[in-house]
Structures are given as C-alpha cells and as structure tokens.
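Read through the structure below, which is laid out as structure tokens, and then see the notes.
Letters go in sequence order (proteins before strands), and every chain restarts at 1.
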Amino acid sequence: MVVARGSCPFGLWHVHVVWSGDLVMQVRFLRVPAERPAPPAFRRYCAGDRDALSGFLSVATEGDTTYARIYRTVQAIPYGRTATYGEVAAAAGTGPRVVGNAMRANPTPLVVPCHRVVAKGGIGGFTPSVEVKQALLSMEARRG
DNA sequence: TAAAAACCGCGGG
DNA sequence: CCCGCGGTTTTTA
C-alpha cells in the first residue's frame, strides 16, 4: 500500500493530508505548506465544495472501540449542520466528555468533521486553534 | 506491568 | 460555582 503526503492552503493555514487511495490516515493544520499537493478533493473542499470529501474514508472509523463509534457518529453529521457533544454522546452511548476527548484525538479532521461538534452553550474547542473551527463553520454556513 | 490519579474540545444542578 | 461523568493518558510503585 502506497502512502502519500501533501497539503493545500486554508486561510492562513495549510491542511496536511496523509492518505492511501481513498483511505485517509491523518489530517493536520499547520502554518507551513508541504512539498507536495493534497488530493484535489481537499483543495475543492477548502474552496467551498460541499461534497468534495464524500468519497474518502478515515482510519479513525475502523474497529469497534468507543472512539470509533463516536467518529462514525460524527462522520454522519451533514455539511453545514452541527451537533452538540451531548447529542453525539447520546447517539454513541457514552458521555459528553468522552466525545470531547475523542474530538481532541481525532487523527483525521475534515474527513471526520469534528468541527461540526459544538458545545451546548458555545463553539467548543479545536486543535490547533478554535479560529480554524470558526472559519470552517462559517464557510459551511455560507455554502450549506 | 498494574493500580491510581489526573486529565478534559461537557453538561446539569 | 461545583460535581458527576467515562475513556484515555500519565504517574507511581
């Protein structure tokens, strides 16, 4: 299995992707670009294409662990919509803080759209910066 | 290793 | 403001 790495810009950030075919192993937001480009679908998503990432799978959703169930629940949240940590927790059969832990540890943001999971009384957190989450949500709100 | 404590991108009282 | 929650990570022995 051949693994590729590349990035595409998103605002002041660069979306770094590690993937093999349609399976994504890692997505990270860094301030510097990679040497090679990310898959065109990621560039299109960053430009506002709502369905650009629909063909990708995440390694995070594989298996039958609690986190994998949470990631599958989150992946089902449609573009332009949000769910609270508590709602995701209820659907996955666990508690809200566990969902927060899982989001923080999410190896593949965007593919597993953790930015669509918000706190009941606020936006919630994001790694590396909640500004990225805010930018993603407002982009999806404009398009969605 | 194994057990305990600490840690949280939360929520309800 | 505080406390329960529960999976994971870190600390301690």
Side-chain angles (χ1 to χ4, degrees), chain A residues 1 3-20 22-34 37-144:
Chain A
M1 145 164 99
V3 176
R5 302 161 183 270
S7 76
C8 71
F10 179 73
L12 296 174
W13 298 83
H14 295 270
V15 182
H16 287 240
V17 185
V18 179
W19 78 100
S20 175
D22 61 356
L23 181 66
V24 180
M25 286 86 171
Q26 189 179 89
V27 175
R28 279 190 303 169
F29 294 86
L30 303 179
R31 300 306 293 265
V32 294
F42 280 82
R43 190 173 297 265
R44 281 192 277 112
Y45 172 83
C46 290
D49 183 340
R50 349 178 354 133
D51 300 316
L53 297 181
S54 60
F56 287 97
L57 262 42
S58 166
V59 290
T61 60
E62 296 174 347
D64 204 21
T65 63
T66 299
Y67 275 22
R69 285 205 314 280
I70 292 172
Y71 293 137
R72 283 194 289 273
T73 303
V74 171
Q75 198 166 33
I77 304 172
Y79 188 101
R81 301 260 303 281
T82 61
T84 66
Y85 294 99
E87 288 166 348
V88 173
T94 182
R97 307 198 72 148
V98 178
V99 174
N101 287 341
M103 295 305 95
R104 188 177 36 155
N106 179 16
T108 61
L110 302 189
V111 181
V112 173
C114 55
H115 59 281
R116 294 177 195 149
V117 182
V118 297
K120 191 170 187 192
I123 189 174
F126 200 78
T127 304
S129 162
V130 44
E131 294 174 17
V132 176
K133 185 175 189 175
Q134 183 65 69
L136 289 168
L137 287 175
S138 45
M139 177 183 77
E140 294 197 359
R142 276 182 276 122
R143 305 272 163 168

Spacing of A:I70 atom CD1 relative to C:dC5 atom P, expressed in whole Å: 17 Å
Heavy-atom side-chain proximity of A:H115 to A:T82 below 4.5 angstrom: no
Touch class at under 4.0 angstrom, heavy-atom based, for A:T127 against every strand present: base
Atom-to-atom span, CD1 of A:I77 to C1' of B:dG9 - whole angstrom: 13 Å
Side-chain donor/acceptor contact of A:R97 with base of C:dG7 under 3.5 Å: no
From C:dG7, B:dG11, B:dG9, nucleotide with atom closest to A:K133 side chain: B:dG9
Whole-Å gap separating P (B:dG9) and CG (A:L136): 18 Å
Touch class at under 4.0 angstrom, heavy-atom based, for A:G124 against every strand present: nothing
Pair assignment for C:dC5, Watson-Crick or G-U wobble, requiring both distances under 3.5 Å: none
First of A:P96 and A:Y67 reached from the 5' end of DNA chain C, by closest nucleotide: A:P96
Donor-acceptor under 3.5 Å (A:Y71 side chain, A:A102 main chain): yes
Presence of A:K120 side-chain N/O under 4.0 Å of B:dG12 phosphate oxygens OP1/OP2: yes
Near-ring test A:F56/A:F42, centroid separation under 6.0 angstrom: yes
d(CD, A:E131; P, B:dG9) in whole Å: 17 Å
Value in whole Å for how far the C1' atom of B:dG9 lies from CE of A:M103: 9 Å
Whether A:K120 side chain and A:E87 backbone form a donor-acceptor pair below 3.5 Å: no
Partner nucleotide of B:dG9 by Watson-Crick or wobble geometry (both distances under 3.5 Å): none
Closest-nucleotide 5' rank along DNA chain C - winner of A:V98 and A:A105: A:V98
d(CG, A:D64; P, C:dG7) in whole Å: 13 Å
Atom-to-atom span, CZ of A:R116 to C1' of B:dG9 - whole angstrom: 17 Å
Nearest atoms (heavy-atom pairs only) where A:L23 meets A:M25: O-SD, 3.7 Å
Integer-rounded Å distance: C:dT10 C1' and A:N101 CG: 13 Å
